[in-house]
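For clarity, every value in this text was computed on a predicted model and none was experimentally measured. Convention: sequence-line order gives letters A, B, ...; per-chain numbering from 1. Every heavy atom of this structure was used, including side-chain atoms; hydrogens, water molecules and symmetry mates were not.
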There are 2 protein chains.
Amino acid sequence: MRTKQKAFSMERFFLALGDNTRLRLLNLMGDREVCVCYFVEILDQPQSKISRHLAYLRKAGIVTARREGKWMHYRIVMPPHIGATQVLQQTLAWLREERIMEADRARLAKACCSPRKFVALQGAPRPKVIAPATSSLSR
Amino acid sequence: MRTKQKAFSMERFFLALGDNTRLRLLNLMGDREVCVCYFVEILDQPQSKISRHLAYLRKAGIVTARREGKWMHYRIVMPPHIGATQVLQQTLAWLREERIMEADRARLAKACCSPRKFVALQGAPRPKVIAPATSSLSR
DNA sequence: TTTACATATCTGTCAATGCGAATATAATTT
DNA sequence: AAATTATATTCGCATTGACAGATATGTAAA
């Protein structure tokens, strides 16, 4: 059983966005579900670092995880407040406009199209576009 | 001469929003210019704490200060990136919807209407609505 | 059940930030 | 110029969070 979630807080929400690695992760997710192994390859950072930041985002209520065999897939979920949802949408739009973020997305696209070039990704499940993330409020 | 500003960074921008005191300050400013003494009274926190957080917001490029005699007035300025501007606007909208933030604004309104009830505010310059904050981009 | 792989968590260290208390600076008044 | 008012900065300490490296857990394959 998962440890009890702290109540959603505005402060925590913004703190979660206040780290470059986490912003890069959110940018890579965008509107799709991405396997952890892709993050590790694309960002070229130690796996433990990626995992820690994903956990942080999860605790802040910004992403959720789904296990599929030995792979974990992460995706963005809209937070339980309209206001937060709209801020997050704007943030994602902002990410789409940043050069560095664009470069990350390009590397991900490349890895998806020809995973053979990324030895570590042989056989890993590809990112999949998902239905537009909805706020937990708009049921 | 002011010490050199660090370049605007997305990370820094969100870190600046990731503190409850700073969110309350931004909420009180909204679309007006507010004197430090009002913040101290309304939030009922030590002056040094208020000042430190205002300095943080200033360094993050989210507010500017203007001196008028012995009083300092702070106001929100839109950051030098369209994306940041839009996120900030959404954030302010979100603040307007939060209960606790509403209560702060109510106290400010009260202090403005009858500063006599707030001894410390006798003679202090009242908050003034300003032209809608514009991004430094849209000159 | 052993092994291998993917991911998560723990450990120790370091830097950043929060805080109250005290002090410094700037403008105004006396 | 001294005293007063408004605000800013500094100090010492506690907390948080980032990091690399080591280790633990969960799942599947052999």
Side-chain angles (χ1 to χ4, degrees), chain A residues 1-3 6 9 11-25 33-60 63-74 115 118-126, chain B residues 1-3 6 9 11-12 14-25 33-60 63-74 115 118-127:
Chain A
M1 176 192 270
R2 191 159 292 297
T3 62
K6 272 187 211 156
S9 98
E11 190 178 76
R12 216 158 187 67
F13 172 79
F14 283 114
L15 283 174
L17 299 179
D19 178 278
N20 212 52
T21 303
R22 290 195 289 269
L23 288 170
R24 291 178 78 187
L25 290 170
E33 194 181 52
V34 181
C35 176
V36 174
C37 55
Y38 276 84
F39 295 131
V40 173
E41 285 302 303
I42 303 302
L43 299 191
D44 190 26
Q45 307 267 321
Q47 177 265 323
S48 75
K49 177 171 169 179
I50 300 292
S51 186
R52 239 183 307 112
H53 285 293
L54 286 169
Y56 198 115
L57 287 171
R58 212 183 328 114
K59 280 176 203 151
V63 308
T64 45
R66 179 176 67 86
R67 182 178 280 282
E68 185 186 324
K70 46 187 179 179
W71 290 284
M72 290 290 279
H73 298 266
Y74 281 80
F118 292 77
V119 182
L121 295 180
Q122 297 277 14
R126 317 252 176 114
Chain B
M1 178 191 269
R2 188 160 295 299
T3 62
K6 271 186 211 155
S9 99
E11 191 177 75
R12 206 148 197 76
F14 283 114
L15 283 175
L17 299 180
D19 177 277
N20 212 53
T21 302
R22 290 194 289 267
L23 289 170
R24 292 177 78 189
L25 291 170
E33 193 183 52
V34 181
C35 174
V36 174
C37 55
Y38 276 84
F39 294 132
V40 173
E41 285 303 301
I42 303 303
L43 299 191
D44 191 27
Q45 307 265 320
Q47 177 265 322
S48 74
K49 177 170 167 179
I50 301 292
S51 185
R52 246 182 296 115
H53 283 294
L54 285 169
Y56 196 115
L57 287 172
R58 209 180 335 111
K59 279 177 205 149
V63 307
T64 45
R66 177 176 68 85
R67 182 178 282 280
E68 183 187 326
K70 47 187 179 181
W71 291 285
M72 288 291 279
H73 299 267
Y74 281 82
F118 291 76
V119 183
L121 295 180
Q122 298 277 15
R126 317 251 176 114

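We find the NZ-CG distance between K59(A) and L15(A) to be 13.5 Å, quoted to the nearest 0.5 Å. We find the CD-OG1 distance between E11(A) and T21(B) to be 7.5 Å, quoted to the nearest 0.5 Å. Atom CE of residue M72(A) and atom SG of residue C37(A) lie 12.0 Å apart, to the nearest 0.5 angstrom. The line from CD1 of I50(A) to CD of E41(A) is 10.0 Å long, rounded to the nearest 0.5 Å. Separating the NE2 atom in H53(B) from the CG atom in L25(B) is a distance of 7.5 Å, to the nearest 0.5 Å. For the atom pair CZ (R58(B)) and OG (S51(B)), the distance works out to 7.5 Å, reported to the nearest 0.5 Å.
Side-chain proximity of L15(A) to dA18(D), dG18(C), dG17(D): nearest is dG17(D). Each of dT7(D), dG17(D), dT9(D) was ranked by its minimum atom distance to the side chain of A55(B); first place goes to dT9(D). Distances were taken from every side-chain heavy atom of P46(A) (C-beta onward) to each of dG18(C), dT7(D), dA20(D); the shortest belongs to dA20(D). Distance from the side chain of T21(A) is smallest to dC19(D) among dT7(D), dC19(D), dG17(D). Closest approach to the K49(A) side chain among dC19(D), dT9(C), dG18(C) is made by dC19(D) (side chain taken as heavy atoms from C-beta onward).
Comparing the local axis fitted to the first five base pairs of the helix from dT1(C)-dA30(D) to dT30(C)-dA1(D) with the one fitted to its last five gives a bend of 10°, rounded to 10°.
In this structure, I50(B) places its CD1 atom 12 Å from C1' of dT7(D), rounding to the nearest Å. Following rounding to the nearest Å, R66(A) (CZ) and dA8(C) (P) show an atom-to-atom distance of 14 Å. Atom CD of E11(B) is separated from atom P of dA16(C) by 12 Å (rounded to the nearest Å). Atom pair L25(B):CG and dA8(D):P shows a separation of 11 Å (rounding to whole Å applied). In this structure, K59(A) atom NZ and dT9(C) atom P are separated by 7 Å, rounded to whole Å. Rounded to an integer number of Å, the gap from CD of Q45(B) to P of dA8(D) is 16 Å.
With contacts defined as side-chain heavy-atom distances shorter than 4.5 Å, the pair D19(B)/Y56(B) does not qualify.
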Determine, for nucleotides 21-30 of chain C in 5'-to-3' order, which nucleotides have protein heavy atoms under 4.0 Å from the base (write B), from only the sugar-phosphate (write S), or from neither (write -). BB----SS--
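For H53(B), a side-chain nitrogen or oxygen approaches OP1 or OP2 of dC19(C) to under 4.0 Å. For the pair Y74(A) and dA6(C), the criterion of a side-chain N or O lying under 4.0 Å from OP1 or OP2 is not met.
With R67(A) contributing its side chain and G69(A) its backbone, the two residues share a donor-acceptor pair below 3.5 Å.
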